[in-house]
Amino acid sequence: MIIGALLVGVSLGLMGSGGSILTVPILTFVLGQQEKVAIASSLAIVGGICLVAGVPYVIKKQVDFRSVLFFGLPGMVGAFGGALMSKHVSGLVQLVVFALVMLLAGGMMLRGQDLTAAAPLARRRSWKVILDGLAVGALTGFVGVGGGFMIVPALVLLGGLSMHRAVGTSIFIIALKSASGFAGYLKVLDERGLSLDWKVIGVFVLMGSLGSFAGTQIGTRLPQAALRKSFAYFLLVMGAYVIWHSVR
């Protein structure tokens, strides 16, 4: 469990994403938690780690707070609504949707700038940015993840941010949306008579926060192209694994 928590933190510090991509499978397949409990716990864990992991990026001025405001706040609304919608489907369906989104995001990152002719975020109309945040927030709330694996590509491909700056910005957007999505999941768990294991959550937040600092240091030493490609392949591998494990 401790090794898994460290890996979650390293992933968030390194790529501004991957926390829930690792946390949900670890909680579900390794610790044996029920899917919806694992999803809710993942939001609490990732949100807590992000509050710590974002500090080095603020110090290095690698956070675009305009993107945090216009993308993150609408994302909170979408995440809360997406979490409430999840009560109408099974945990298995959520895991499969979760994996499909990872595969799509990985493919987008590999294709890179050819995917879009969209204007950089700074020149996009505010209402379009807000709609982007709502849409991504609803999807990430529904599948129960912070959504960095969708936020980072959106900030790079649609927002025109550098990979390093997108990572730092993504961490704060994830923290906001995770908090909102977790609040929505508390109602879902209560209706189903499910409860959280706060000890597990605490261990993951503590060890993951330590891992995030290591990930941040590693990330600043890697070229953006290599970081982007590694991130994309990581999404493809994890997405394929979750689908295989869910349907076999």
>> If the condition is side-chain contact (heavy atoms from CB on, under 4.5 Å), which residues does S180 pass it with, not counting sequence neighbours?
In response: M76, A79, F80
For residues [X] and [Y]: do they belong to one hydrophobic cluster (side chain heavy atoms under 4.5 Å, members Ile, Leu, Val, Met, Phe, Trp, Tyr)?
X	Y	answer
F204	L206	yes
L189	L84	no
F142	L194	yes
F65	L176	yes
I49	W198	yes

Flag the pair [X] / [Y] as yes when at least one side-chain heavy-atom distance between them is below 4.5 Å, and no otherwise.
X	Y	result
L27	I45	yes
T169	Y57	no
V63	R165	no
V55	I59	yes
F29	V24	no
L43	T23	no
S170	I173	no
L104	L100	no

Atom of [X], atom of [Y] and distance for their closest heavy-atom approach:
X	Y	answer
C50	I174	SG-CG2, 3.6 Å
V37	L196	O-CD2, 4.0 Å
V89	R192	O-NH2, 4.0 Å
A40	F182	O-CD1, 3.3 Å
L51	A175	CD2-CB, 4.1 Å
V68	F172	CG2-CB, 4.0 Å

>> Using only atom types and a distance under 3.5 Å, with no angle test, would you say the side chain of S212 pairs donor to acceptor with the backbone of S209?
In response: yes
>> Has R66 got a side-chain atom pairing as donor or acceptor with F71's backbone, closer than 3.5 angstrom?
In response: no
> Just wondering, more than 12 heavy atoms not from Y233 lying within 6.0 Å of its OH?
Replying inline: no
